[in-house]
Structure formats: structure tokens, C-alpha cells
Amino acid sequence: MSQKVRVRFAPSPTGPLHIGGVRTALYNYLFARKTGGTFILRIEDTDQARFVPGAEQYILDSLAWLGISPDEGVGADGPHSPYRQSERKALYKQYADQLLREGKAYIAFDSFEELEAMRTLYESKGSAFQYNALTRVKLRNSLALSKAEVDALLASETPYVIRLKVPAKGEIRFQDSVRDWVHVHTSSMDDKVLMKSDGMPTYHLANVVDDHIMEITHVIRGEEWLPSAPLHILLYQSFGWQAPQFAHLPLLLKPEGNGKLSKRDADLGGFPVFPMEWTDPQSSVISKGFKQEGYLPAATLNFLAFLGWNPGTEQELFSLDELVDAFSLERINKAGAKFDVNKAKWFNQQYLKQSDSKELAQVYLPNLPAKDADAFVQLFLDRVTFPQELGQLVHEFSQKPHAYDEVVLATKWNLEAQKGLQVLAASLPTCSTWDADGIKHTIHVALEEAGIKMGKVMQMLRVALSGNGAGPDLMISMQLWGKDEVNERINAALSVFPKLVS
RNA sequence: GGUCCGUUCGUCUAGGGGUUAGGACACGUCCCUUUCACGGAUGAAACACGGGUUCGAUUCCCGUACGGACUACCA
């Protein structure tokens, strides 16, 4: 297989893109970049009933936000246009007809109701109904019915589907990049519908036809597709095409308990499972998005990349380029990975700290003079997980305290502290150089002259100024508040504290 | 139920016939710091179970258990 690598991400526009889908897209992207191949986006909208307006644009926007946009496909165009399956409708019928002609598929007239009845019947007998070599002879299809009957049904425009005639005996095997050899007996597969009665192909047919036509070399998709992979192999064989290399990715599991990660888990856990915020067009319900929650694209990507893949080194922080460089299909794990918000937050923090403070200032503190904003960002950057916390922190910082830490007050407020604050109230206004060093010097000198230890006063000073017992560097904070504001706050505290404590 | 897939610290994982089973998140302790955060150090913490194969198995094989996915004219 020395041909050029072509991979595709093929979501269906049935709602917001799930974060597991984003990871699938990422792995496809990484593999394409790594191998110098092409990353294609194909929209699989063959289910007319589940179509959700806006979902396709959402997919495009999400990939763009993360910087993993397709090279070819919807939103990028390319030699195999169109890339929306609904617009390729006519194509699939030809291939289904080909199978029909060659006796590898057949027409089935069974209605939903009839099939449902079969299922309940089998269920009552404790087994599961399968449309296969054993049962098809007794059902309403072109294999069981006479030619005249079939023609009559066709003439009366009875709805029908086209089903694949799965051989009664045989074994399908393929070598998955993640799981190695997988084999399955055709007897356990059923005659899957290829063409639906509405004239649309099912996923199975459309995906195989398109992957072949679009010269896809590697199909990298979620593990939920593993059970139908043998069917797809069988289709490739039926057409006489070479099947692409498959790689079935481990599932993303819910953080608590077991099972596939769902939107419900996200709501419960208070974290997003969608890359961007999504408003359901029907219910207007809003779902959280990584973007809006304050996750940086690079952090999101890094976090996602490590859910099911690992470079084998001890490096944890990887830029997109580094991920591309380190990525390989062989290092993808087999077992499902639980989604851990803590880890996601940690990644975000790491990337946030590496961010340019001026840029953050511009985006998150747009109303402040650039110089101040930058100083604030530097003061608070170590203490936030998400950038939007910066705005909140700065807002609180610039407000006069409306409450004072009671615990600190109760334990640290005494005559010595009071005297210390009085000393500072008197000496700080004389500070000639109002910057962190100058302030520190002034405080040192004043307290030393008064014979008071720093430790006895400093936390009270912090409470007096901010109301809080803990916070960022006090000297820099004071510099940012400015001399007048600091004095006001100290004097206010001096008049309030005695009352609060008594 | 059937088919398929999986199982190393709580979580993400490295490793792979002989290791003190390594790292990261979270957690504990200590250091740094006037405080908190950051950072640094350190601790507790894992090979699901049972059989083989082997001088030796967490690693290979087979079972069992547990978990998951799929089982639609959905993808």
C-alpha cells in the first residue's frame, strides 16, 4: 500500500459534534499530517429524519476552532465533490443495482410492521430475529417470491429495500490497526439493508461506496463501528474492491461508572462534551461547549489526544505539530478511556500559563489600559484555570472589600496589629516610589522603627485591603491599587475592625 | 439472549518473560512564600481471577468473572 494516504472524518449532521467525534477527527487529522496525506470531511446525511439544521456548520466551526480543518470535502471542496451524501444519492443506487444484477443482493418488501412482528415473535421464543440465509426464504423478498409476484409488487409500487445477500457460510477476517486480527462468521451477520425505501442508501452502503470512490486508504473511526466492519469488508469483497485499512478507536467513557460518555453525564458533572456551545433548534436547550467554558484549543487537543493514545515518552504537553510528529496508529490503546475533567483542566492551566499575557489582556480585559491589563494578567495568571476568570478576579480586585475574612480577623486582630496598621496608614502616604519595591521598603522601615514584626501585621493588611485572608502578591497588588486607594482602604479598615471584633 | 471487543495505581497511561512495575492528574506531607496560588520534593496507591506454557509470568495461551459496543429501512 504505497499509495498516498487519504483519510476521512464522516460525521452525520444530527446535532452537535460529540467530543468523541472530535477525537476521531483529530486522530484522522494527525495521521494525515504525519503521513503527508489528505484529511477529508464527508457529511453523512443519509438519514433524512434525523437531519438537524445548523449541525453541519457546527461541525465546520468546531474543527476550525481547533485548527484541524479538512483539506478536502465539505467546506473545502475537492476532486470528489460533492462530499455531502444526500447530494450523491443517485450514485449509490447504481452500485446497489450492480449487486442486485450479480445476485449478491436482493429486493425485500417486508414492511416495518412485519419485521417488528417477527422480532417480537422470536423474542417470545427467547431468541433474536435475524434477516439471514435461514429466515429470508420465508420472508417477502425477491429470493422467496416468484418472479411474477415480485413484478406485481414492483408494478403496484410497493415500497422495498435492497438487502445484501450474506453468504450462509464463511468467515470474514481483517487486520485492524488497533486490534489486530478480527474474525467473524457470516452466519452471525444479517442481511443488512443497503438501500432504504426512501431511495437513500444506508450508512453501510454509502460509506463503502464513498470510501472506495474517494480513494480512502485508512478508515479511522470509533469502536461502535467494529461490529459492522465485517459487513463492510464483505461489501468490498462483493464489489471486488480492495478494502481500506481499518483502525477502530477505543470509546470515550463516562467519568463515573461505565458506559459511553453522553450529554447527560456532562450535565451531571458540570463539564462540556461538545467542542462549542450548542443551542438545540427544537427545544432551545443550550449545551455547554469547551470553547465557551474557557478551554484553549491547544489544551483541548492535547487532552483529547491523550485519551486513547500515548507517545510512550514522559512528555505530556504537545503542540499540534508535536502531536503530528509523535502520532502513530500503533500506539492507540484498545481499552476505553474515561473522561476526566480534572485532567482537562490541568492541561488548560498549563497552556494558559504559557499564553502571551498581552494577548490574554486584550481579549479578557478589553476595557483596561493595556499596561494595567497586562500587569493584572501577570498577577493572576497562576491562579486561574480558565481565562475568563481573569475578568472576575480583576473586577473583585478593583472593588473595595464589602466583607472581611472573619476567621483571620478573629485570630489576628489585636492591639499590635492595630498599631501596625496605624503605623502603615501614617507612613505609606510618605512612600516616594510607589512600586512594589518602594512599598515594601517603606513598610519595612516603618514597622522596624515601631518595633513591630512584619508577620504580626501583614495578613491584617491584606484583609484590610482586599477583605481576603489569601491572595496574590500584596506589594504588587498595592502598586496596582495606587497610593490613595490603599490609604483609603487602610483607614476604612481601621475604623471598622474594632467594631467587627468586639 | 447472540456477535464482537476489552481488563496495569481512584483516573489517563508506560512497560512487557527475570523491573524497587515508571510517569501524569487527583489526594497526603514537606519546602519555597507574610498568605493563597504557582513551582519543587516526597508519600500512599495498580498488573481482575483460575489454570496452563516456562527455570521463571503482570507480560504468551486457554478459561472464568467483570465491563463495554453492536444487535433499525440511525449513523
Side-chain angles (χ1 to χ4, degrees), chain A residues 10-14 44-47 49-50 85 108 110-112 115-116 119 122-123 125-131 159-163 176 178-179 182-185 187-190 192-204 206-207 221-230 248 250-251 253 255-260 303 306-317 331 333-347 349 353 380-384 405 408 412 440 443 453-463 466 468-475:
Chain A
S12 54
T14 53
E44 312 228 322
D45 55 350
T46 52
D47 187 353
R50 292 208 307 157
Q85 289 186 328
D110 317 270
S111 68
F112 291 101
L115 291 173
E116 198 48 50
R119 283 190 196 103
Y122 273 71
E123 212 168 299
K125 290 190 293 186
S127 61
F129 169 69
Q130 265 197 316
Y131 208 120
Y160 66 91
V161 299
I162 298 176
R163 284 182 184 271
D176 188 275
V178 175
R179 283 148 220 286
V182 174
H183 18 93
V184 130
H185 287 96
S187 60
S188 70
M189 298 163 55
D190 53 0
K192 280 276 183 283
V193 171
L194 265 20
M195 290 294 292
K196 304 185 253 186
S197 56
D198 66 0
M200 277 290 195
T202 58
Y203 170 84
H204 305 297
N207 131 284
R221 62 190 355 176
E223 190 188 326
E224 65 268 29
W225 293 112
L226 195 52
S228 53
H248 288 94
L251 258 18
L253 272 19
E256 308 283 342
N258 296 301
K260 227 166 149 181
F303 166 67
F306 271 69
L307 244 32
W309 171 87
N310 185 290
T313 64
E314 291 191 351
Q315 185 182 346
E316 305 264 344
L317 264 18
R331 294 204 63 89
N333 281 95
K334 293 178 174 66
K338 287 192 183 182
F339 184 93
D340 180 7
V341 210
N342 272 327
K343 200 68 171 260
K345 286 182 178 171
W346 178 78
F347 273 113
Q349 230 173 72
K353 280 195 293 188
F380 289 118
L381 198 55
D382 280 344
R383 345 177 58 82
V384 299
D405 189 308
V408 177
K412 296 283 171 69
K440 188 166 192 170
I443 292 177
K453 287 212 174 95
M454 286 268 280
K456 298 285 183 188
V457 199
M458 293 311 279
Q459 202 177 12
M460 277 325 302
L461 177 61
R462 177 182 293 284
V463 173
S466 70
N468 300 318
D473 187 283
L474 196 54
M475 302 306 144

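By convention in this document, chain letters (A, B, ...) are assigned in the order of the sequence lines, proteins followed by strands, and residues within each chain are numbered from 1. Just the heavy atoms: all of them, side chains too, but no hydrogens, waters or symmetry mates, feed the values below.
B/C5 atom P lies 15 Å from atom CZ of A/R221, rounded to whole Å. At whole-Å resolution of the value, CZ in A/F303 and P in B/U13 are 10 Å apart. Distance CD (A/E223) to P (B/G67): 16 Å, rounded to an integer number of Å. Look at CZ on A/F347: it is 11 Å from C1' on B/U13, rounded to the nearest Å. To the nearest angstrom, C1' of B/A69 lies 17 Å from NZ of A/K334. Between the C1' atom of B/U34 and the CG atom of A/D405 lies a distance of 15 Å, rounded to the nearest Å. Between the P atom of B/C5 and the CG atom of A/L251 lies a distance of 15 Å, rounded to the nearest Å. Atom CG of A/L307 is separated from atom P of B/C25 by 16 Å (rounded to the nearest Å).
Partners of A/D110 by salt bridge (charged side-chain N to carboxylate O under 4.0 Å, His left out), not counting sequence neighbours: none found. Judged as a ring-ring contact (aromatic ring centres under 6.0 Å, His included), and not counting sequence neighbours, A/Y131 has no contacts. For A/K343, the side chain to side chain contact (heavy atoms under 4.5 Å, CB included) criterion is met by A/F303, A/E316, A/D340, A/F347, not counting sequence neighbours. With sequence neighbours excluded, the residues satisfying salt bridge (charged side-chain N to carboxylate O under 4.0 Å, His left out) with A/R50 are A/D47.
Counting non-hydrogen atoms of other residues, nucleotides and ligands closer than 6.0 Å to NZ of A/K456 gives a total of 12 or fewer. Within a 6.0 Å sphere centred on NZ of A/K440, other residues, nucleotides and ligands contribute 12 heavy atoms or fewer.
Spacing of P atoms, B/C38 relative to B/G28, comes out at 12 Å, to the nearest Å. Using atom P as the reference point in both B/G40 and B/A24, the two lie 9 Å apart (nearest Å). Nucleotides B/C73 and B/A69 have their C1' atoms positioned 22 Å apart, rounded to a whole Å. B/A46 and B/A41 have their P atoms separated by 23 Å, with the value rounded to a whole Å. Annotation: B/G68 and B/C55 have their C1' atoms spaced 39 Å apart (nearest Å). Here, B/U20 and B/G1 have their C1' atoms 48 Å apart, quoted to the whole Å. Rounded to a whole angstrom, the distance from the C1' atom of B/A44 to that of B/G10 is 12 Å. Using atom C1' as the reference point in both B/G2 and B/U11, the two lie 33 Å apart (nearest Å).
Not one N or O on the side chain of A/N333 forms a donor-acceptor pair closer than 3.5 Å with the backbone of A/P250. At distances below 3.5 Å, not a single donor-acceptor pair connects side-chain atoms of A/T46 with backbone N or O atoms of A/M200. Between the side chain of A/N310 and the backbone N or O of A/G312, at least one donor-acceptor pair lies under 3.5 Å. Remark: the backbone N or O of A/Q85 is paired with a side-chain donor or acceptor of A/D45 at under 3.5 angstrom.
A/G222 comes within 4.0 angstrom of no nucleic acid atom, judged by non-hydrogen atoms across all strands. As judged by a 4.0 angstrom heavy-atom cut-off over every strand, A/H183 is placed among residues touching the sugar-phosphate backbone only. Residue-level contact check: A/L461 touches neither bases nor backbone, having no heavy atom under 4.0 Å from any strand. At the heavy-atom level, A/G259 lies under 4.0 Å from the strands shown only through sugar-phosphate atoms. No engagement by A/N468 is indicated, since no non-hydrogen atom pair under 4.0 Å with the nucleic acid exists.
Taking a pair to require two hydrogen-bonding distances under 3.5 Å in either a Watson-Crick or a G-U wobble arrangement, B/C49 pairs with B/G63. When both pairing distances are held under 3.5 Å, B/G39 makes a Watson-Crick or G-U pair with B/C31. Under the Watson-Crick or G-U wobble criterion, with both distances below 3.5 Å, B/A44 is left unpaired in every strand shown. With a 3.5 Å ceiling on both atom-pair distances, the Watson-Crick or G-U wobble partner of B/C55 is B/G18.
Taking for each of A/N333 and A/R179 the nucleotide of RNA chain B with the nearest heavy atom, the 5'-most of the two is the partner of A/R179. Each of A/K440 and A/F306 was matched to the nucleotide of RNA chain B holding its nearest heavy atom; the match closer to the 5' end belongs to A/F306.
Looking at A/R163 and A/V193, their side chains come closer than 4.5 Å, going by heavy atoms from C-beta outward. Inter-residue side-chain proximity for A/L461 and A/I443 is flagged as met; some heavy-atom pair is nearer than 4.5 Å.
Minimum atom distance to the side chain of A/M475 is reached by B/U34, of the listed B/U34, B/C4, B/A37. Each of B/U11, B/G23, B/U34 was ranked by its minimum atom distance to the side chain of A/D340; first place goes to B/U11. Side chain of A/N310, nearest nucleotide from B/U13, B/U35, B/A24: B/U13. Here the side chain of A/D382 is nearest to one of B/A26, B/U34, B/A37, namely B/A37.
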Between the protein and nucleotides 39-45 of chain B, which nitrogen or oxygen pairs come in under 3.5 angstrom?
unit_1 : atom_1 : unit_2 : atom_2 : d
B/G39  : OP1    : A/K353 : NZ     : 2.9

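For a distance-only test at 3.5 Å, the side chain of A/K343 fails to qualify as a donor-acceptor partner of the base of B/A26.
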Which parts of nucleotides 70-75 of chain B does protein reach within less than 4.0 Å, heavy atoms only, written one letter per nucleotide 5' to 3' as B for base, S for sugar-phosphate only and - for none?
-> S-SBBB
